[in-house]
A.B. asks: 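Sharing a structure, written as structure tokens. Questions coming.
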Amino acid sequence: MEKPSYFSILTADVRYDRRLGKPNARELYSEITALSNKDGYCHASNGYFAKLYEVDNGTISRWISTLEECGYLEREIIYHEGTKQVKERRLYPISTPIGRKRNTPPQKKQEGVGGGANTPPLRKRKENNTSVNNTSKNKIDRQIAGISKITKFKEFWEKNLGMVAPFILEDFAYEYWDWIDRGVDHDEVIEIFIKALSGAISYGANDKRKYTLGILHNWFNNNILSINAIEGEEKQFKAKKQRRRQNNSYTNSKPAIERDLSNKHYGTDEELEAEFFGEA
């Protein structure tokens with residue numbers, strides 16, 4: 001049995017999919033990715049996993065079936081030529097289930113496997129062996145590469161907040177490639193990431209990961225893709241905040257009978273912050 005890679009992958013899709021039940025199937029998926037980094041598939045037996053997790057073969061079989069039904073694994077059986085004798089089983093981990101975009105919630109399972117109207121049928125393993133192999137390996141390689149690309153951001157996080165959990169690095173590795181695919185330069189992306197995290201820290205957000213990603217998604221979706229553009233938005237935000245304070249100060253100083261606030265809503269500081277960071 002080949003020694004597992006130092007890295008394993010546990011994507012957000014798998015991590016938060018409630019259909020998988022207890023963490024066991026998720027741990028198994030992560031172990032399969034560690035064994036798949038070289039060849040794009042894992043050929044470990046149920047017996048190997050049963051010994052590793054101290055359970056019986058039947059339990060491992062159920063975990064694998066659950067992962068397969070939810071779209072996170074593809075299974076291929078290799079037979080000895082001209083016979084029905086099994087030579088090898090290959091498990092191909094899939095980071096994002098077929099027919100689903102990243103960061104979208106899992107769909108409820110319809111009748112039969114892949115029964116949803118928008119869900120493509122499961123592919124024939126043998127006919128698509130090369131395609132599945134390359135796709136799975138490329139996704140894993142891309143995520144690992146993404147984690148290595150955001151080292152400067154990781155160092156900034158750890159300097160200000162302490163150790164960063166692996167699943168947080170995975171989320172920002174995905175985010176990194178979204179920005180790169182949009183045509184943003186590597187150094188600019190890292191600077192933008194650090195600026196977003198700085199904003200989350202300054203604001204005192206409880207969940208720094210979620211808040212930072214929220215800032216990044218707001219900028220990304222509004223085509224604010226450079227430090228200069230972000231700083232321009234910040235200036236507008238500060239000017240709007242100052243106008244609100246001035247207007248509130250003016251209306252509060254007038255006698256009540258002269259005030260007409262029927263069409264005025266300048267908002268609180270919290271509301272303006274939410275609008276700026278895409279949470280309004």
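Only heavy atoms go into these numbers, but all of them, side chains included; no hydrogens, no water, no symmetry mates. These numbers come from a predicted model, not from an experiment.
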A.B. asks: To the nearest 0.5 Å, how far apart are CG in N222 and CD1 in I230?
C.D. replies: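 One finds 11.5 Å between CG of N222 and CD1 of I230.
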A.B. asks: Determine whether F193 and L197 satisfy the following criterion, side-chain contact (heavy atoms from CB on, under 4.5 Å), listing intermediate values before the conclusion.
C.D. replies: CA-CA 6 Å; F193 277 31; L197 178 56; over 6 Å; no
A.B. asks: On a heavy-atom basis, which atom in F156 and which in N160 lie closest, and how many Å separate them?
C.D. replies: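 Smallest interatomic distance, heavy atoms only, reads O-ND2, 2.8 Å.
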A.B. asks: Determine the minimum heavy-atom distance between L73 and P93, stating which atoms define it.
C.D. replies: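 Distance-wise, the nearest heavy atoms are CD2-CA, 3.7 Å.
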A.B. asks: Using a 6.0 Å cut-off, check whether atom CG of D207 has over 12 heavy atoms from anything other than its own residue.
C.D. replies: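 Atom CG in D207 is crowded, with more than 12 foreign heavy atoms closer than 6.0 Å.
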A.B. asks: Can you tell me how far CG of L213 sits from CD1 of I168, rounded to the nearest 0.5 angstrom?
C.D. replies: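 If I round to the nearest 0.5 Å, the distance is 9.0 Å.
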A.B. asks: Can you tell me how far CG of N223 sits from CZ of R182, rounded to the nearest 0.5 angstrom?
C.D. replies: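 So the CZ of R182 and the CG of N223 are separated by 5.0 Å.
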A.B. asks: Provide the closest heavy-atom pair for W157 versus G162 in the form atom of the first, atom of the second, distance.
C.D. replies: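 Result for this residue pair: CD1-O, 3.4 Å.
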A.B. asks: When rounded to the nearest 0.5 angstrom, what distance separates CG in D171 from OG1 in T212?
C.D. replies: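 Taking CG in D171 and OG1 in T212, the distance rounds to 11.5 Å.
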A.B. asks: Using the ring of each side chain (for Trp, its six-membered ring), is Y203 parallel, tilted or perpendicular to Y211, with breaks at 30° and 60°?
C.D. replies: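 Taking Y211 first and then Y203, their aromatic rings lie parallel (interplane angle under 30°).
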A.B. asks: Would you name the heavy atoms of Y72 and D13 that are closest together and state the gap between them?
C.D. replies: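 So the two residues come closest at OH-O, 3.1 Å.
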A.B. asks: Give me the atom names and distance for the closest heavy-atom approach of A25 to L67.
C.D. replies: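 In this case the closest contact between A25 and L67 is O-CD1, 3.5 Å.
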A.B. asks: Can you tell me if Y92 and E76 form a side-chain donor-acceptor pair at under 3.5 Å?
C.D. replies: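 A pair is found: one side chain offers a donor N or O, the other an acceptor, under 3.5 Å apart.
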A.B. asks: Counting N and O atoms only, with roles assigned by atom type, does the side chain of E188 sit under 3.5 Å from a partner on the main chain of I227, one being a donor and the other an acceptor?
C.D. replies: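 Side chain of E188 to backbone of I227, a donor-acceptor pair under 3.5 Å: yes, one is there.
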A.B. asks: Measure the spacing between CG of L225 and CD1 of I192 and express it to the nearest 0.5 Å.
C.D. replies: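 If I round to the nearest 0.5 Å, the distance is 7.0 Å.
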A.B. asks: In terms of relative ring orientation, are F49 and Y53 parallel, tilted or perpendicular, with 30° and 60° separating the classes?
C.D. replies: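 Parallel.
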A.B. asks: Between N218 (side chain) and G214 (backbone), is there a donor-acceptor pair under 3.5 Å?
C.D. replies: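 Side chain of N218 to backbone of G214: no pair is present.
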A.B. asks: Atom CG in L10, atom CZ in R26: separation rounded to 0.5 Å?
C.D. replies: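 Here the rounded value is 8.0 Å.
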A.B. asks: With no hydrogens and no angle check, do the side chains of R62 and T59 hold a donor and an acceptor under 3.5 Å apart?
C.D. replies: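 Looking only at side-chain atoms, T59 and R62 do form a donor-acceptor pair, the distance falling under 3.5 Å.
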A.B. asks: Could you check F172 against R209 for side-chain contact (heavy atoms from CB on, under 4.5 Å), going step by step and ending with a plain yes or no?
C.D. replies: CA-CA 9 Å; F172 283 99; R209 166 194 156 275; 4.3 Å; yes
A.B. asks: Please confirm whether the backbone N or O of E68 pairs with a side-chain atom of R75, one donor and one acceptor, at under 3.5 Å?
C.D. replies: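 No; zero donor-acceptor contacts below 3.5 Å.
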A.B. asks: Under a 3.5 Å distance rule, please check whether S202 uses its side chain to pair with a backbone N or O of G199 as donor and acceptor.
C.D. replies: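 Looks like no, no N/O pair under 3.5 Å.
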A.B. asks: Take R18 and Y16 through the side-chain contact (heavy atoms from CB on, under 4.5 Å) test and state the conclusion after the steps.
C.D. replies: CA-CA 6 Å; R18 294 184 178 181; Y16 300 122; over 6 Å; no
A.B. asks: Do the charged groups of E191 and K152 touch, with an N to O distance under 4.0 Å?
C.D. replies: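 Salt bridge: no.
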A.B. asks: Quick test of your reading of the model: are K238 and E233 salt-bridged, counting only N-O distances below 4.0 Å?
C.D. replies: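 Salt bridge absent between K238 and E233.
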A.B. asks: Heavy atoms only: give me the nearest L35-A44 pair and the separation to one decimal.
C.D. replies: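 L35 and A44 have their closest heavy atoms at CD1-CB, 4.0 Å.
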